[in-house]
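In what follows, chains carry the letters A, B, and so on, assigned in the order in which the sequence lines appear, proteins first and then strands, with residues in each chain numbered from 1. When reading the values below, keep in mind they use all heavy atoms of this one structure, side chains included, and skip hydrogens, waters and symmetry mates.
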Number of protein chains: 4
Amino acid sequence: MAIIVDKVQKRRDIALSCVKLFVQGGIGHLTISEVAKKAGIGKGTFYDYFKNKEAIVFEILNILLEEHSKGKELKISQASSTREKVKMFFDFYSNNEDKELRQIYKEYISISLSNPNKEMVDFQSKCFNTYSSWLKNIIQDGIENKEIIPEALNLSKGLYYFGDGLFFNFSTTNVIGDIKKEIHFYVDSLFDLIEVKK
Amino acid sequence: MAIIVDKVQKRRDIALSCVKLFVQGGIGHLTISEVAKKAGIGKGTFYDYFKNKEAIVFEILNILLEEHSKGKELKISQASSTREKVKMFFDFYSNNEDKELRQIYKEYISISLSNPNKEMVDFQSKCFNTYSSWLKNIIQDGIENKEIIPEALNLSKGLYYFGDGLFFNFSTTNVIGDIKKEIHFYVDSLFDLIEVKK
Amino acid sequence: MAIIVDKVQKRRDIALSCVKLFVQGGIGHLTISEVAKKAGIGKGTFYDYFKNKEAIVFEILNILLEEHSKGKELKISQASSTREKVKMFFDFYSNNEDKELRQIYKEYISISLSNPNKEMVDFQSKCFNTYSSWLKNIIQDGIENKEIIPEALNLSKGLYYFGDGLFFNFSTTNVIGDIKKEIHFYVDSLFDLIEVKK
Amino acid sequence: MAIIVDKVQKRRDIALSCVKLFVQGGIGHLTISEVAKKAGIGKGTFYDYFKNKEAIVFEILNILLEEHSKGKELKISQASSTREKVKMFFDFYSNNEDKELRQIYKEYISISLSNPNKEMVDFQSKCFNTYSSWLKNIIQDGIENKEIIPEALNLSKGLYYFGDGLFFNFSTTNVIGDIKKEIHFYVDSLFDLIEVKK
DNA sequence: GATGAATGAGTTTTCATTCAT
DNA sequence: CATGAATGAAAACTCATTCAT
């Protein structure tokens, strides 16, 4: 009998072995040959596991995002106040561990902006729904705990957009400022307005 | 006597004649041949006016953005309240006249995210500085007019990011909602907090 | 005790299970993977039974042709006159039962015209000899029966070519006419000349 | 001003420069690189003049066939009797000058049998109509000249098929006989039946 | 006996850019 | 000034075949 391979696992393995490659060189100038070489497989094998170059970017993004989400959930739940939770929520845009993920995300967004396909649009929608709900829930909890005023709920979606806009501007600009500081500054400024005065 | 061609004007003419082409088909699959044909010039001539394909996208963006800015300045100055001015500021993301510009901008951002060059980064920085200052000034004026509380100034940059994040999410998602409504809702919610109670 | 597989039978089974596949899609774009899948075997197994893709076309052609010949012999022997026998001989090119065989034959001829190998050439020669002799015998019998004039024997080979030329033209042309009618018309016209007047 | 090239002529030139290549090696294993090299042009230039590999085969076939037809018309018109005209008509299948054309035709037919497209089907139809009419006219003239009996007209189409069938069988078989002799033998045998006895 | 995972050579095609006229 | 013919590097992708298990 022939070898039976865990296709899903091998797909992951190939994807993960190339993360560095994608992060460093960018996707545009990367060839399948290079990718296959890095993964230690033949070009044909690459196509047994991925439909095309975009597919592996997608896979990498999914894997890293999944891992990221798990860790994030824990961190947020451990934060003491709503203010801190929100800051933690936006931590993705500045922390060091997610640097790779951010890079991949950037490349992915680039593709998604110019050549979107249904899969990508769906993925984007899913991401938006998942993460904006997450933020909304944090706010809602804060309201229920009497930490922040009820009107703050209306700001949650806009606050979510803030994060993406920030990310987007830091990605395309070299105005290097401290992104973490900017986040904290904005969140603090906002919370000064919406926190229940004791 | 040789015909003296206004190089700058011809550059503009070529760029403008191709706006539709770029808006419809996207930049990715557009060839220089098509662009030259559309502009009614030879391929060689194209290279007399533009360094490469990206350069014309850049030119188009600059022309449209310049036009846009002029009109915007007027509109904002005519708005009655700070609240309205801010709404007017974000009008770019939803109004019908700027549809083409938004499309070009999207394509441009896509390039800028994956293959930025110095020129682009500078442009992005300039844009960021110009427009975020603009918003800041609006806020500042509002504060000076006693329309809104002084603390609002700290929110201006974050508010600016909100706009980009919104644009970004609507561009990549098919969650079709009314973008104008979302803007107004957020601005209103925020202004309810920062407007000086009379 | 090991299972003893009838190699010859299995070869036939594999070939026959793929007839539809070859008829529908054409050979050009058919992959061994598809063939193996359709036959319910592994790709490796395919190579245990066939040297390459051409080999299975060959096998299919042989099987179908063999079946066809048996039936044909019977039908011809039952025909009442030489005229009818000849019509029956050419029936292959128009009847419905042999549609699949004709399709396969067409594909095979295509290969044979551009990439002939010894095996194919031999096969073609054998076919030519078998079938043209067959036709010749029919004519000869007719002569001996005093149905047709002795000179007709000289026409038998040319008559045989007529069939192939007809097939060839109907295969490459869309001039859809009734192929059966054309056959009968020609055979009748010719027999009017060569039949012994009573 | 840039050079203006006679596109049609250059297309012909490229096509003709490769005739030998196609005749010798067959089309299947020929790469565009080889073709371009032989024609003394770049690969890209090839695609400026031909859509793909098939297109040049088509062009070659058309050129050679056109030339062939001209010469043929003259020869046939000079033949003394209908019998000779018909033999001359089938001369294409055996004479030495048309060897190249036959080879190309063979390759073309191979493509046409397995991957026909509308253009090919139309071409085949046109060829069939043109040449079968030609033969028919020869016969008709013979009838009008009282050389052959009126019933012979019904045989013209079938006679045309004879030629293709002959060609087809000689192309796929190695039964090397003298194709010219076969043609003459059949035509003579047939004419013995249809010529008006004096 | 049977399998299917792995391979990589080989080919088509595109298109930005150049430069002779 | 303007042109468009010519180029060829570069990349994606296919698929027959092998062979370890």
>> Show me the pairs that pass ring-ring contact (aromatic ring centres under 6.0 Å, His included) and involve residues 33-57 of chain D, at least two apart or across chains.
In response: D:F46-D:F50
> Counting only non-hydrogen atoms, which of residues 23-33 of chain D are less than 4.0 Å from DNA chain E?
Replying inline: D:L30, D:T31, D:I32
>> Just the rounded figure in Å: distance from P of F:dC13 to NZ of A:K53.
In response: 9 Å
Polar-atom pairs under 3.5 Å, protein N or O versus N or O of nucleotides 6-9 of chain E: list them with distances, or write none.
unit_1	atom_1	unit_2	atom_2	d
E:dA6	OP1	A:K10	NZ	2.3
E:dA6	OP2	A:Y49	OH	2.6
E:dA6	N6	C:K43	NZ	3.1
E:dT7	OP2	A:G42	N	2.7
E:dT7	OP2	A:T45	OG1	2.5
E:dG8	N7	A:G44	N	3.0
E:dG8	O6	A:G44	N	3.4

> Pairs in or reaching into residues 38-51 of chain C: which pass salt bridge (Lys or Arg N to Asp or Glu O under 4.0 Å), with residues at least two apart or in two chains?
Replying inline: none
> Can you name the residues that form a salt bridge (Lys or Arg N to Asp or Glu O under 4.0 Å) with D:E59, not counting sequence neighbours?
Replying inline: D:R11
>> What is the distance, to the nearest angstrom, from the CG atom on B:N52 to the P atom on E:dT18?
In response: 10 Å
> Which dot-bracket string describes DNA chain E (Watson-Crick N1-N3 plus N6-O4 or O6-N4, or G-U N1-O2 and O6-N3, all under 3.5 Å; [ ] crossing; | other strand)?
Replying inline: .||||||||||||||||||||
> Cut-off 3.5 Å, side chains only: do D:S110 and C:S110 have a donor facing an acceptor?
Replying inline: yes
>> Once ring-ring contact (aromatic ring centres under 6.0 Å, His included) is applied, do any residues pair with B:F123, and if so which ones, sequence neighbours excluded?
In response: B:F58, B:Y108
> Is there a side-chain contact between A:L101 and A:L65 (heavy atoms, below 4.5 Å)?
Replying inline: yes
>> Contact between D:E54 and D:I111 at the side-chain level, heavy atoms closer than 4.5 Å - yes or no?
In response: yes
> Whole Å only: how far is the CD atom of C:E34 from the C1' atom of F:dT14?
Replying inline: 12 Å
> Rounded to the Å, how far apart are C:F50 CZ and F:dA16 P?
Replying inline: 15 Å
> A:I63 and A:L16: side chain to side chain contact (heavy atoms under 4.5 Å, CB included), yes or no, with the steps?
Replying inline: CA-CA 8 Å; A:I63 295 173; A:L16 285 172; 3.9 Å; yes
> If the C1' atom of E:dG1 is compared with that of F:dT21, how far apart are they to the nearest Å?
Replying inline: 12 Å
> When the distance from CD of A:E54 to C1' of F:dA11 is rounded to whole Å, what number comes out?
Replying inline: 15 Å
Can you give the donor-acceptor pairs under 3.5 Å from side chains of residues 22-32 of chain A to other protein atoms, not counting sequence neighbours?
unit_1	atom_1	unit_2	atom_2	d
A:T31	OG1	A:E34	N	3.2
A:T31	OG1	A:E34	OE1	3.2

> Rounded to the Å, how far apart are A:I56 CD1 and F:dC13 P?
Replying inline: 13 Å
> How would you list, by chain and number, every residue that makes a salt bridge (Lys or Arg N to Asp or Glu O under 4.0 Å) with D:K37, sequence neighbours excluded?
Replying inline: none
> For the pair made of CG in A:D6 and P in E:dA5, what is the distance, rounded to whole Å?
Replying inline: 11 Å
> Do any pairs count as a salt bridge (Lys or Arg N to Asp or Glu O under 4.0 Å) and have a residue in residues 105-125 of chain B, sequence neighbours left out, and if so which ones?
Replying inline: B:K118-B:D122
>> Any residue in residues 108-117 of chain C with a heavy atom nearer than 4.0 angstrom to DNA chain F? Just list them by number, or reply none.
In response: none
> When the distance from NZ of D:K51 to C1' of E:dT12 is rounded to whole Å, what number comes out?
Replying inline: 13 Å
> Any side-chain donor paired with an acceptor under 3.5 Å for A:E66 and A:N62?
Replying inline: no
> Partners of C:K99 by salt bridge (Lys or Arg N to Asp or Glu O under 4.0 Å), sequence neighbours excluded?
Replying inline: none
> Which atom names give the shortest non-hydrogen contact between A:A39 and A:I14, and what distance separates them?
Replying inline: CB-CG2, 3.9 Å
